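In what follows, chains carry the letters A, B, and so on, assigned in the order in which the sequence lines appear, proteins first and then strands, with residues in each chain numbered from 1. Keep in mind the model is a prediction, meaning the values are calculated, not measured.
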Number of protein chains: 2
Amino acid sequence: MLSDRQQLILNAIVDNYIHSAEPVGSRTISKREDIGFSSATIRNEMSDLEELGYLEQPHTSAGRVPSTKGYRFYVDNLIQPQHLSEAELGKLKQLFAERILHSEKVVEYTAQILSQLTNYTAIVLGPEIFEHRLKHIQIVPLNETQAVAIVVTHTGRVENKLIDLPEGIGPSEIERLVNLLNAKLTDVPLWQLKQRVYQEISGEMRRNAEQYEEMLMILDKSLKPEEERVYLRGATKIMNQPEFRDVDKVKDILELLEQQDQLLHLIGMPGEGLKVRIGQENQLDAIKQCSIITTSYSLGGKPVGMVGILGPTRMEYGKVISVLNYLAEGLSRMLTSQFEK
Amino acid sequence: MLSDRQQLILNAIVDNYIHSAEPVGSRTISKREDIGFSSATIRNEMSDLEELGYLEQPHTSAGRVPSTKGYRFYVDNLIQPQHLSEAELGKLKQLFAERILHSEKVVEYTAQILSQLTNYTAIVLGPEIFEHRLKHIQIVPLNETQAVAIVVTHTGRVENKLIDLPEGIGPSEIERLVNLLNAKLTDVPLWQLKQRVYQEISGEMRRNAEQYEEMLMILDKSLKPEEERVYLRGATKIMNQPEFRDVDKVKDILELLEQQDQLLHLIGMPGEGLKVRIGQENQLDAIKQCSIITTSYSLGGKPVGMVGILGPTRMEYGKVISVLNYLAEGLSRMLTSQFEK
DNA sequence: TGTTAGCACTCATACGTAACGAGTGCTAAA
DNA sequence: TTTAGCACTCGTTACGTATGAGTGCTAACA
């Protein structure tokens, strides 16, 4: 375990490096107000910290830079909760105050604001809607072979899907089916829908035995959940960081962010609550010099989506964590109140 | 006007520069098979071409580079139609063959393929749906004050919008309204909808005089067209270009591309048919070293959307133009056949 | 008169050297 | 245990020179 003084110095180094982006030397630290030791003492401690793996030296005559292990210790033990400024709080509150039900929009704005506030890249995973309850289902035939299935949830979210119609199914059959569904399944959470179809509807449907299979197929397709939506904002912010003035590094990162499935990978961490992945801890080479902080937001206690920030390893962890926590809490409250209506 | 030989040489220079990205010297040109003159002769012509404004010299002892005027002449007079390779044709045909009606998806794939084929950034503006005909309209009340309005077109496209309900309007009134709309307005093109509402529906609606205004308000909101969707793919491709190895240049461009409204600006050129905007001809500073080629695709003869390519001024104009033309034609055919069904 | 060979000149780039200075590690004194 | 002092390291910067691609001009040539 690190001594108090070692922790103090490590904290000072990380802190300094986060703001200066330059390797920090012993003299710089010794001049800080919260440090009462000469540069020589600091040098000794730095040497020890390097041996222990918390610091690294780009080259002999340079200052020290935190290693991944150093950042990890900083994040786990040294970070103090940051106060958000009035302006920041204002922006966030404004977001929650907006009376937009359309959750897609809320999520989009969230990503926007998150990126603005932190000056890093924001990644937001839209809320899964399995918890939402069915308000209305509609199947609109377009011609003999195709139809559009539309599902409206009680929160006003609309999913639509183009489906192929099996042969021999006419508009009247579809109408009967839809009426049945609306009568029986309103207010059922989406995740229960398929199951309830089998429980409650299949009996009635089986009367026209020959079309039973086809009907089930239609429903099966109609109720398949939409692919997940990821929102990315401020991807170019990384270019403001001095350590990313290199096109090749930036290219790798931005190419990664262009791919939806990779984005999902990045932000789709299991479990709820705040997670920090620092530098080398990331699997993907392109972002081994980046850190990702994510947290989940929830609806009625269950996590339904994620918000995350991607920035350089040299990230303002304290601030980002505060913003994310505050935001996720607000989003959850907002969603939940909307859900309970 | 340029002499034949001047045109030959200008063509050779542009051609060479497009592929090498280096200022081209007189010797390089004189060695080309299609040129039968010594480097000295070429030098004289080059000097003249520079004086005329078609070429530029980065510095005294460097070769020449085409100016915006030079590219313009090249594009307007010298370009020969390029043949697409089997592989390229294959990819494009595959796109058209896919039986996806959901036009959003088609447009998304289009952008993807365009960027893949050209190695530049693709911007695609989704088809306006004003020409699409109403298949079904539905208003689903969520609670006392809010409802979702859903419009389905005959091509299977679904637009939805959250609307506030005026006081005193109950589910039964809404149902009456919706039934009326579906009975009277099916198969009416969306752009005529509002007008037809006033012509054909207002009479019947006026019976319940007190709610007339409110009803109109609801319809007004429901029928407001969705904001336009722009798809961007391969934004990072610009980083592969040697002249964009500079983070600051790239940053300006990518920041521009991050803004939806700016994208619309870039691609939303008036009129139909192929347009090329070269380097300095662009308004925005960030892309004064880029060229944009766009063309429109149409539905039943009317232009409804745009496809475009953004690349360095030093772009493979011939190839990009061929790909865009071929693609726009195919898209138009696809949409139109779908429209006529 | 148009074309070409020859040559002096220009200028960005690469390279090697030297000076600089930020920062270290070590030693010895407080 | 802490700190002042000092030699040493090594990346960065500055500068002068060599290099070479490419030009413009002149004079000879077809």
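The side-chain hydrogen bond (donor to acceptor under 3.5 Å, both in side chains) pairs that include a residue from residues 9-29 of chain B are B:S26-B:R43, where partners are two or more places apart or lie in different chains.
Remark: B:K69 qualifies as a cation-pi partner of B:Y54 under the 6.0 Å distance and 45° angle criteria applied to the six-membered ring.
One interatomic measurement links the two molecules: CZ of B:F37 to P of C:dT4, which rounds to 7 Å at whole-angstrom precision. Atom CZ of A:R5 is separated from atom P of D:dT3 by 8 Å (rounded to the nearest Å). A:I42 has its CD1 atom 14 Å from the C1' atom of D:dT1, to the nearest Å. Spacing between atom NZ of A:K31 and atom P of C:dG23 amounts to 8 Å, rounded to whole angstrom units.
Judged by distance alone, with hydrogens and angles left aside, the side-chain atoms of B:Q57 form a donor-acceptor pair with the main-chain N or O of B:A62 at under 3.5 Å.
A salt bridge does not link B:E258 with A:R233: none of the charged nitrogens is closer than 4.0 Å to a carboxylate oxygen.
In this structure, A:Y317 and A:Y71 have tilted ring planes: the angle between them lies in the 30° to 60° band.
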Across nucleotides 19-30 of chain D, 5' to 3', mark each nucleotide with B, S or - according to how protein heavy atoms within less than 4.0 Å reach it.
--BSBBB-----

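The heavy-atom pair separating A:S296 from A:G273 by the smallest distance is OG-N, 3.1 Å.
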